[in-house]
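Some notes on the structure that comes next.
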Amino acid sequence: MDDGAAEGDVSADRVIAELLDMGFEFDRISQAISVVGPCRADVLEFVLGGSGSGRTRPSRESRSRRGVSSNAEVRSSDGGSGLTNPGRRLKQSSITDHLASNTGSERGSGGEKASTSYPCVAASDDPLVSADVCAASKPEPQFSLANSRSESELRDKISVVLRKHFGFSSVKGFQMEALDAWFAHKDCLVLAATGSGKSLCFQIPALLSAKVVVVISPLISLMHDQCLKLAKHGISACFLGSGQSDSRVEGKAMSGMYKIIYVCPETVLRLMEPLKKLAEKPGIALFAIDEVHCVSKWGHDFRPDYRRLSVLRENFSSRKLKFLEHDIPLMALTATATIPVRTDIIKSLKMSEEETVIVLTSFFRPNLRFTVKHSRTSASGYGKDFRELVGIYNDSRNFKGSGQKAFDEINSDYESSSYESPDDTVSDDEDADIDSTSHEDNNFEKTKVGMPLINENAENDLDVYPGVDDFDVTCGEFLECSRPENSSVKSNKMRSNSSEIVDQGPTIIYVPTRKQTVEVANYLCKAGLRAASYNAKMPKSHLRQVHEQFHSNSLEVVVATIAFGMGIDKSNVRRIIHYGFPQSLEAYYQEAGRAGRDGKFADCTLYCNLMRAPTLLPNKRSEEQTKAAYRMLRDCFHYALNTSICRAKILVKYFGEEFGPDGCHMCDICINGPPQMHDFKEEAVVFMNVLQARSGQAAEDMGCSSIPHYVSGRRRFGEVPNLRGVVSYIREKFPRFATTDKVWWEGLARILEGRGYIQEAAETPRVLIQYPELTEAGLNLLSLQSEEEGLYAYPDAAMLVALNDPKPVSTSSKWGRGWADPEIRRQRLAGKKIGRRKRKRHSRNHPTGFTTAKQRLAQILSKRRR
Ligand SMILES: Nc1ncnc2c1ncn2[C@@H]1O[C@H](COP(=O)(O)OP(=O)(O)OP(=O)(O)O)[C@@H](O)[C@H]1O
Ligand SMILES: [Mg+2]
């Protein structure tokens, strides 16, 4: 997108609307417009530059100059001295050999550090690259598969190209398995941890054969990143995004000029005929489908166009194309696919169910430390939540004096002015009093059957899944030119910045909304950090700049929505913070996996409000998908609430992997140990008795077949009570539980559900149990109650927070619903605090005094009569 295009014509309103969409504050935008006028680029520059980022953004002119000069630098370096210099490489410094090759690697711990060659880059729309460099393109000397007679010969050849191009001494076991499958012309599904080296599985075939490898990839940023790396390693590549592409690059790609062609799924579908020609001459060695979890509706990051990739299997078989000796193999790769997602992938891509080779490695990342922290995840908590992060970077720069003071001032500003309570507990926040069950739905309107519809306002602030066009270039070519390690592609400024932060490594903070990307980045900038926001609605030029600065280590923190980072291979990311619940554990593990790819320790911290169930992001979903989405969200919530099982264990188990008896010894649970066990027998019996009494279910009716059928969101009155009703009843009838928080009972319901004593009766279970009903095991427990036997369990994290923070039974935001709750009713009628609050509010709205609707009507009528 051209920043300068027609900007003068854009009205102030449009600029405001666009920047609001990006997440900037209205006041800040209008201030900017009043200073620089309604020119989008200038306004953007003002709000970004003036956010206290501590970096002055270059003007548009200087930005384009920078592009030209980088370009010149690239060209001047063209006469590089060769490919790699093994003598300079460092030994892998991983804490485990998880990231090392199976027979040892000579690769340096930091990919960037160890790399000894630099690219000669040319991208048609890319101001950083030059088209004339393309003329240097020449076919790479090939190994021929035809000459490769034995397995050992293949291995030798792999070793040669691996050393020559990547500087590794050997491939990892799983990479060899994938290569064997390719060599045997078989389809293959590679499931291996984030950062384990899946890309090599499809890059090596391009070097072993005279044919081209076509890689389907979901994001331009990812394709760009990989092409750039390949060029550094002396391998020509190009990427073809969606939209209007450069016919010259496309033409060269389709005539086999590049070893590897990255292409987005949308474009693959458009290029079917040229690809068939390419398959004939010089030939397609392999179709690799990277981040293949995007195929599955049941996975995260679902991309409808990925599903249509079945055309590859349908069209590129020897049956369809007579000139082919074998079907062109498909290699599908992902780090996060549960068992149902794997099945869905194979089916959707029409891979052979019997023949497809499944290459499965451990999903475990032994250097990642997982932690969960309770937080309101709102501005009032930034001070507390980011204190440590700010300290890490500021301390490393000796940013202690005035900087620390400024930071403390910012903290106190945030803590005292914006919110009543600096504490991150929820008790005093009216918002937080919203019943969590209803909060689950607060982004939705409901249809009659309880299906969520999109609430436009909510959706406008969310990046639902990353779109392909996340850069301002649609295609680009990267040629296999090299330059010596000591040459400088980067500016001096970048280098000095990077040396400062390389020790600390960058941090990525994931937040749910676009607005929060700006808010949190602003906060961190004010605290003295080099932070930038990233969300899909920001100008693509900005997004590319963030990518560049992130890769060159000149940014310390990127605050992003899910739009940032899929497949990104940056070795030294030290921290991934999720500030708010992710939508699934797949997404969480995928995003967390962007940390510690150098094998050194890295932290993955989830800040979330344990007292509130997470909500589904508004999105178009079928009823089936909604069910799956709730299930995934529930898994996330349970992961956060867990107090007794190693977090890494839960995560890998989610992907079907058994972890063994030991934990990771690094997560908060392994370090802190579980809380004290509690005997929940008494509360459980009360709860289940009330449940039984209120549901009117007799023991003999409780066979599985007679479980009543409930439509989500509705219940037949009197048949199965909802949880809230049960809790209210208990509070009313059992004085000793009168002040026990509803959140605590929700926790008990989870424990009972986990033990199989109760189950959800609603057809579409939500994150929290809504309509609990007794199971046969529950009825047995009630009828065979033995005095001695206890019901011991660990309280979950929400129960612990609720116990530490006892709340009054209700506050004003529950007012409307509150009358149904006998405890609240009693309090209100007794004219306690809440009654006073309501009267106060009412008298504010009705200055004439407290009047009922009837009285008001009488007043109006009498006025009219007069
Ligand atoms: N055989 C090997 N020996 C040592 N290092 C390797 C080997 N293969 C790959 N690597 C390194 O592993 C790092 C991660 O590789 P890659 O980006 O392919 O990971 P990935 O599995 O695709 O991760 P993600 O799931 O996040 O996309 C790269 O920097 C790469 O250089
Ligand atoms: Mg990858």
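When reading the values below, keep in mind they use all heavy atoms of this one structure, side chains included, and skip hydrogens, waters and symmetry mates. Note that ligands are numbered from 1 as they come in the structure, with each ligand's atoms numbered from 1 the same way. Just so you know, these numbers come straight off a predicted model, no measurement behind them.
Below 30°, between 30° and 60°, or above 60°: for Phe364 and Phe659 the angle between ring planes is above 60°, a perpendicular geometry.
Listed by number with element, the atoms of ligand 1 under 4.0 Å from a non-hydrogen atom of Asp569 are 13 (C), 14 (C), 17 (O), 28 (C), 29 (O). Ligand-side atoms of ligand 1 in range of Ser199: 16 (P), 17 (O), 18 (O), 22 (O), range being under 4.0 angstrom from any heavy atom. Atoms of ligand 1 found under 4.0 Å from any heavy atom of Glu291 (numbered from 1 in listed order, with element): 27 (O). Against a heavy-atom cut-off of under 4.0 Å, Ala193 is close to the following atoms of ligand 1: 21 (O). The Ala335 neighbourhood of ligand 1 comprises atoms 25 (O), with distances under 4.0 Å to a heavy atom of that residue.
Residue-ligand proximity: Ser196 is placed with a non-hydrogen atom under 4.0 Å from ligand 1.
For a threshold of 3.5 Å applied to N or O pairs, the pair formed by Gly195 and ligand 1 contains at least one separation below that value. By the 3.5 Å distance cut-off applied to N or O atoms, Gly197 is counted among the residues near ligand 1. Among the atoms of Thr194, none of the N or O lies under 3.5 angstrom from an N or O of ligand 1. Not a single N or O atom of Gln226, backbone or side chain, sits closer than 3.5 Å to an N or O atom of ligand 1.
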Problem - Check against side-chain hydrogen bond (donor to acceptor under 3.5 Å, both in side chains), Asp598 and Ser571 - result: CA-CA 5 Å; Asp598 51 9; Ser571 63; 5.0 Å; no
Exercise for the section: Mind running side chain to side chain contact (heavy atoms under 4.5 Å, CB included) on Arg575 and Ile508 for me, showing each step along the way? Expected result: CA-CA 6 Å; Arg575 265 156 250 95; Ile508 306 174; over 6 Å; no
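Here the options are Tyr589, Tyr654, Tyr588, the test is ring-ring contact (aromatic ring centres under 6.0 Å, His included), and the partner is Tyr639; only Tyr588 passes.
Only the backbone of Ser170 comes within 4.0 Å of ligand 1, counting heavy atoms alone; no side-chain atom from C-beta on gets that close.
Inter-residue side-chain proximity for Leu333 and Cys201 is flagged as met; some heavy-atom pair is nearer than 4.5 Å.
Ser209 places no side-chain N or O within 3.5 Å of a backbone atom of Ala206 that could act as its donor or acceptor partner.
Atom NE2 of His547 sits about 12.5 Å away from atom OG of Ser552, to the nearest 0.5 Å.
Closest of all the heavy-atom pairs between Leu189 and Met351 is N-CE, 4.4 Å.
When the heavy-atom distances from atom 24 (P) of ligand 1 to Arg597, Gln590, Met566 are ranked, the shortest goes to Arg597.
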